[in-house]
J.: 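If you scroll down you'll find the structure; I have some questions about it.
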Amino acid sequence: MSGRAIRVLNVAEKPSVAKSVAEILSRRGGGGMRVRDGRSRYNRVFEFEYMIRNQRCFMVMTSVTGHLMELDFDERYKKWHSCDPAALYQAPVRKFVPQDKLDIRRTLEEEARKCEWLVLWLDCDREGENIAYEVIEVCTGAKSNLNIYRAHFSALIEREIHEAAQNLVRPNKLFADAVDARQEIDLRIGASFTRFQTMLLKDAFIIDLGEERNIVLSYGPCQFPTLGFIVERYWEIQAHEPEEFWTVNCSHTSEEGTASFTWLRGHLFDYASAIVIYEMCTEEPTATVINVKNHEKFKYPPHPLNTIELQKRASRYYRMSSEHTMKVAEELYQAGFISYPRTETDNFSPNTDLAGIVRDQVEHPVWGPYAQRLLDPDARLWRNPSNGGHDDKAHPPIHPTKFSTGQSNWTQDHAKLYELVVRHFLACVSQPAVGAETTVEIDIAGELFQANGRAIIAKNYLDVYRFDSWGGSLLPTYTVGQQFIPTSLTLDSGVTRPPPLLSEADLLSCMDKAGIGTDATMHDHIKKLLDRCYATKDANTRFSPTNLGEALVMGYDDMGYELWKPYLRSMMEADMRAVSMGTKTKSQVLEICLQQMKACFLDARTNKAKLLDAMQLFFQRSNRPQGGDVNQGAVVRPCGACCESDMALKRTPNGSLMVGCMSYPLCRNVVWLPGSISEASVTNNICPTCTPGPVFMIQFKFRRLEIPPNYDVDHLGCIGGCDTILRELTEMCGRGPKNSAGTGRGQGGRETPRSTTSGTHSRLLFCTNCNQPGHSFDDCPSRFVNPRMPQSTHSNNGRYSDQLPCRQCGGPCVQRTANTENNRGRKFYKCQSENCGFFIWEDSILDNATGQGVGRARGRGARTVTASRSGRGRGRARGQRSANSDGVTFVTATGEPVSGRCFICGDPSHFANTCPERVRVDA
DNA sequence: GCAAGGTC
């Protein structure tokens with residue numbers, strides 16, 4: 001045993017871990033634990049004695065709160081107009097402790113000075129390792145000769161913590177390097193693209209985001225792919241072309257009940273084939289049972305709960321946003337009711353006292369009895385939880401940690417989320433539900449049909465997990481060889497539907513799959529899209545892009561870049577892995593990645609017209625002077641007047657271009673530029689003659705009609721005094737713009753879009769009715785509806801009003817929405833006059849009005865923007881005819897004859913299934 | 001006024 005105790009500073013990633021680790025270690029030390037405040041009110045300091053490998057230690061344990069440092073550009077580059085955004089790929093960056101973390105730094109410095117060892121108890125992932133090096137930097141700054149160790153633990157349980165303390169290792173710089181690289185890349189890409197697209201677009205268009213605020217059009221390597229998922233699905237829906245299909249359905253009712261048989265062919269898109277088969281069946285409708293199968297089926301409980309699954313399920317079951325879920329979960333965690341809510345782990349470690357967690361819940365009035373049954377060996381309800389295959393080695397799956405029947409300070413959402421966590425946990429340790437399934441196969445005229453029935457034998461976990469359901473429907477008894485006449489045999493039509501908009505749960509799945517964000521940040525990226533007005537979420541938690549979101553993605557897509565796809569992030573992730581494994585160095589990755597991204601950035605800037613074009617499809621041009629055509633704020637030269645600041649390229653509010661001192665108004669040194677310039681961009685070329693240097697040359701573009709013919713419109717010039725061309729043009733053209741609108745762009749050539757509804761953005765370059773340019777909806781010659789219809793009754797979607805004049809009697813037709821299986825959601829008009837049965841589908845009106853259906857909606861590659869973006873409205877009108885007789889129904893869904901005529905009587909006005917000559921089939 | 005990642 002050693003004599004003198006070593007003083008050890010221990011640092012955890014968060015206060016809760018410091019407390020847990022201190023509690024566990026101090027129990028073995030025997031001397032108890034003292035707690036005192038640190039400089040930061042959240043991060044307390046715990047002191048106790050502990051033996052590390054026979055070495056007596058006086059342990060001082062405190063914490064940080066996540067990252068201690070931030071990365072940002074040097075002061076000189078922080079202001080938006082301080083430099084060309086392209087310069088942000090090389091601009092110096094520095095890591096520093098931000099203002100709100102200074103008190104934590106002070107605690108660390110003060111404690112480190114008194115200690116000999118530093119032991120880092122940060123989470124065992126790359127970010128944790130990076131935070132470890134931030135702590136090291138601060139601590140060794142205060143005391144340089146610290147002996148530094150890392151504790152590796154995967155859960156806050158006794159055995160793990162002691163093992164970690166007894167097997168200290170050295171921190172892994174490679175892991176920290178990987179994060180450093182990620183941070184730097186994110187910062188440079190994010191800031192450069194954000195400044196670029198904001199400065200390019202925000203003043204060039206009228207972008208009304210609904211409230212007074214400074215518009216920022218941010219770009220980020222996580223937020224854009226997330227937006228990309230939303231836009232991609234939206235485009236998929238727009239591009240969907242509904243296709244009609246036919247299916248034969250059969251049902252049979254006996255004393256025991258009704259069995260519904262589905263056609264084993266599924267459905268056919270070819271009407272002629274479908275009707276032939278259907279006719280065969282109706283000619284010989286006797287069904288023969290050819291197979292009856294009985295089998296046992298299990299429905300398994302979910303895996304243990306991790307963060308993403310919690311967010312998805314809270315969204316699905318309660319329609320809670322992922323952001324709100326995390327806020328509520330955090331509060332439940334802080335109050336001790338649930339375990340740490342940010343975890344990837346969906347597998348309980350074998351040491352977990354699962355029965356103990358169940359035991360905590362037996363008193364609950366609602367699920368307590370179930371918990372009791374779980375603990376009763378005779379009930380045979382217990383089952384060890386499944387392994388979801390994820391383990392972050394830092395936290396267990398989310399589970400209840402304290403019993404509650406609801407607290408007075410809880411909102412409904414706290415109660416709901418707690419209930420979800422408890423029920424989910426109880427479900428995880430339960431047996432699966434068991435069902436007896438029956439499949440009956442029948443043959444009608446050689447066609448096979450099948451009916452399925454299910455009887456639930458044991459509900460098991462479903463008794464507690466009320467969010468899952470497993471429908472059961474009993475089938476009447478059938479025996480092989482049995483014959484019967486179907487009660488109904490129908491030919492039904494259906495139409496293929498586009499996929500739905502992405503729900504929040506879908507979006508989380510997409511992000512998870514593509515590795516966009518982490519479990520702790522995914523909800524932030526989703527919220528950012530809503531905050532930036534790139535997307536909206538409807539009441540069903542489904543996401544649509546806004547005009548702004550769609551325009552931005554379209555702009556980059558038209559450039560041919562996949563900046564809005566997840567690949568960039570995936571590549572970066574792969575590079576990060578390479579750095580952490582040592583196969584690539586941090587500087588290699590930074591150099592290559594930033595070089596590529598800078599090239600991409602410069603290319604995007606060259607192709608900025610694509611972004612402007614895409615925006616122009618959705619927004620009106622503004623007349624505000626803009627910096628979009630000028631890399632405003634870019635430094636041109638040091639100021640020779642004040643000798644303190646640089647001079648930068650600027651545009652005054654009235655549109656004049658100049659190079660002025662950045663210390664204005666303290667220094668008023670200025671060089672005015674000719675008014676005939678349309679574009680100006682500071683280059684990296686340095687003038688070889690002018691002093692004091694460096695004087696960066698400017699690439700000018702002049703307006704052809706405003707300069708003499710013998711001058712070139714493109715000119716690489718210098719404002720240092722050596723450039724005679726520039727001087728001559730300034731003298732000839734004067735300074736300041738010829739037109740007060742600044743750049744003069746968007747002033748002709750293109751049709752200015754008009755707005756239909758005040759307060760919304762216009763995307764109507766074309767008539768919403770016929771998709772032809774040159775006139776408005778109201779003036780459309782092919783409009784079928786009343787031209788006096790007030791504007792407010794039609795929307796941007798080019799839809800009709802909720803009333804139409806009847807084509808038959810002239811009375812009012814009212815719009816309704818079909819709710820039948822085949823046409824659910826499809827709108828139609830029905831005449832309100834008692835004796836008039838007039839009825840018409842809305843999409844068939846649109847077909848008639850356009851002559852050939854709605855313009856093809858845009859998918860990737862098909863870029864014709866049409867005002868009506870609906871994928872619907874193509875194809876023939878569909879109706880239904882039916883023939884009822886004595887409880888037996890044969891129905892065809894084909895309203896209009898497509899081709900041919902009745903197979904029985906030859907009459908072209910109907911098909912064989914409704915033919916009056918048809919032999920009746922009695923049940 | 002910019003990113004994404006920790007965390008209170």
Side-chain angles (χ1 to χ4, degrees), chain A residues 11-19 40-44 63-73 77-83 85 88-89 91 93 95 97-98 100-101 103-104 122-123 125-135 175-176 178-199 202-203 209 213-226 326-327 329-331 333-335 340-342 392 394-395 511 515-528 531-532 563 568-569 572-573 576 594 597 601 627 633:
Chain A
V11 183
E13 188 158 325
K14 44 191 163 279
S16 62
V17 172
K19 182 164 181 263
S40 146
R41 53 191 285 233
Y42 300 110
N43 306 80
R44 311 188 78 194
S63 55
V64 286
T65 44
H67 277 286
L68 183 58
M69 296 182 164
E70 276 176 18
L71 185 75
D72 208 345
F73 296 106
Y77 295 84
K78 272 191 184 169
K79 286 225 168 71
W80 275 43
H81 291 292
S82 66
C83 67
L88 297 177
Y89 286 89
V93 288
K95 243 185 159 180
V97 180
D100 61 337
K101 300 276 174 83
D103 46 7
I104 299 179
L122 295 136
D123 290 358
D125 51 25
R126 289 207 298 254
E127 294 294 334
E129 213 68 15
N130 189 269
I131 299 170
Y133 276 86
E134 294 172 356
V135 173
F175 275 36
V179 173
D180 278 344
R182 199 255 321 137
Q183 286 176 342
E184 196 175 324
I185 292 168
D186 284 346
L187 175 66
R188 292 186 190 279
I189 295 176
S192 57
F193 273 93
T194 300
R195 290 184 191 182
F196 157 64
Q197 64 186 25
T198 304
M199 292 195 275
K202 94 169 166 142
D203 288 326
L209 297 186
R213 61 167 151 175
N214 203 2
I215 297 173
V216 174
L217 305 181
S218 63
Y219 175 89
C222 285
Q223 51 179 277
F224 250 57
T226 307
M326 290 314 288
K327 183 172 170 283
E330 179 67 33
E331 284 161 7
Y333 162 68
Q334 291 295 333
Y340 190 67
R342 285 184 285 271
D392 62 14
H395 305 287
M511 296 170 76
I516 302 298
T518 68
D519 50 346
T521 61
M522 279 156 69
H523 67 275
D524 284 334
H525 302 311
I526 295 175
K527 182 168 180 287
K528 182 151 280 173
D531 290 346
R532 295 276 187 234
L563 289 168
L568 174 64
R569 194 71 188 169
M572 278 167 61
E573 245 333 287
M576 298 310 106
L594 290 175
M597 281 312 296
F601 175 82

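In what follows, chains are A, B, ... by sequence order, proteins preceding strands, each numbered from 1. Side chains included, hydrogens not; waters and symmetry mates left out as well; all remaining heavy atoms used.
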J.: Assuming nearest nucleotide by heavy-atom distance, tell me which of A:Leu71 and A:Asp100 is located more 5' along DNA chain B.
T.: A:Leu71

J.: Base, sugar-phosphate alone, or nothing: which one does A:Asn130 contact when heavy atoms must sit under 4.0 Å apart?
T.: nothing

J.: Under 4.0 Å from OP1 or OP2 of B:dA3: is there any side-chain N or O of A:Lys528 that close?
T.: yes

J.: Regarding A:Lys95 and the six-membered ring of A:Tyr133, is the cationic atom NZ or CZ under 6.0 Å from the ring centre and inside 45° of its axis?
T.: no

J.: Give A:Phe224 one of three labels, base, sugar-phosphate or nothing, depending on what nucleic acid heavy atoms sit under 4.0 Å from its own.
T.: nothing

J.: Check whether any side-chain heavy atom of A:Arg188 lies under 4.5 Å from a side-chain heavy atom of A:Val93, and answer yes or no.
T.: yes

J.: State whether A:Gln223 places a side-chain N or O below 4.0 Å from either non-bridging phosphate oxygen (OP1 or OP2) of B:dA3.
T.: yes

J.: Taking only side-chain N and O atoms of A:Arg188, does any of them lie within less than 4.0 angstrom of OP1 or OP2 on B:dA4?
T.: no

J.: I want to verify a distance call: between B:dC2, B:dG5, B:dC8, whose nearest atom is closest to the A:Ile104 side chain?
T.: B:dC8

J.: Remember a base hit wins even if backbone is also touched, and classify A:Gly128 as base, sugar-phosphate or nothing at under 4.0 Å, heavy atoms.
T.: nothing

J.: Using only side-chain N and O atoms of A:His525, determine if any of them is under 4.0 Å from OP1 or OP2 of B:dG5.
T.: yes

J.: Here's a test of your reading of the structure: between A:Lys101 and A:Ser218, which maps to the more 5' nucleotide of DNA chain B?
T.: A:Ser218

J.: Which pair of non-hydrogen atoms, one from A:Ser63 and one from A:Pro15, has the smallest distance, and what is that distance?
T.: OG-CA, 3.4 Å

J.: Counting the atoms with a prime plus P, OP1 and OP2 as sugar-phosphate, which does A:Tyr219 contact under 4.0 Å by heavy atoms, base, sugar-phosphate, or nothing?
T.: sugar-phosphate

J.: Can you tell me if A:Arg532 touches the phosphate of B:dA3, counting only side-chain N or O atoms and a distance under 4.0 Å to OP1 or OP2?
T.: yes

J.: Quick test of the criterion, 5.5 Å between centres and less than 30° between planes. Is A:Trp80 stacked on B:dG1 or not?
T.: yes

J.: Check every strand shown and say whether A:Arg182 touches a base, only sugar-phosphate, or nothing at a heavy-atom separation below 4.0 Å.
T.: base

J.: Please confirm whether the shortest side-chain N or O distance from A:Tyr333 to OP1 or OP2 of B:dC8 is below 4.0 Å.
T.: no

J.: Assign the ring pair A:Phe224 / A:Tyr219 to parallel, tilted or perpendicular, where the plane angle (0 to 90°) is split at 30° and 60°.
T.: tilted

J.: Using a cut-off of less than 4.0 Å, is there contact between a side-chain N or O of A:Arg342 and OP1 or OP2 of B:dG6?
T.: no

J.: Between A:Tyr333 and A:Ser16, do the side chains contain a donor N or O and an acceptor N or O under 3.5 Å apart?
T.: yes

J.: Looking at A:Thr194, I'd like to know whether one of its side-chain N or O atoms comes within less than 4.0 Å of OP1 or OP2 on B:dA3.
T.: no

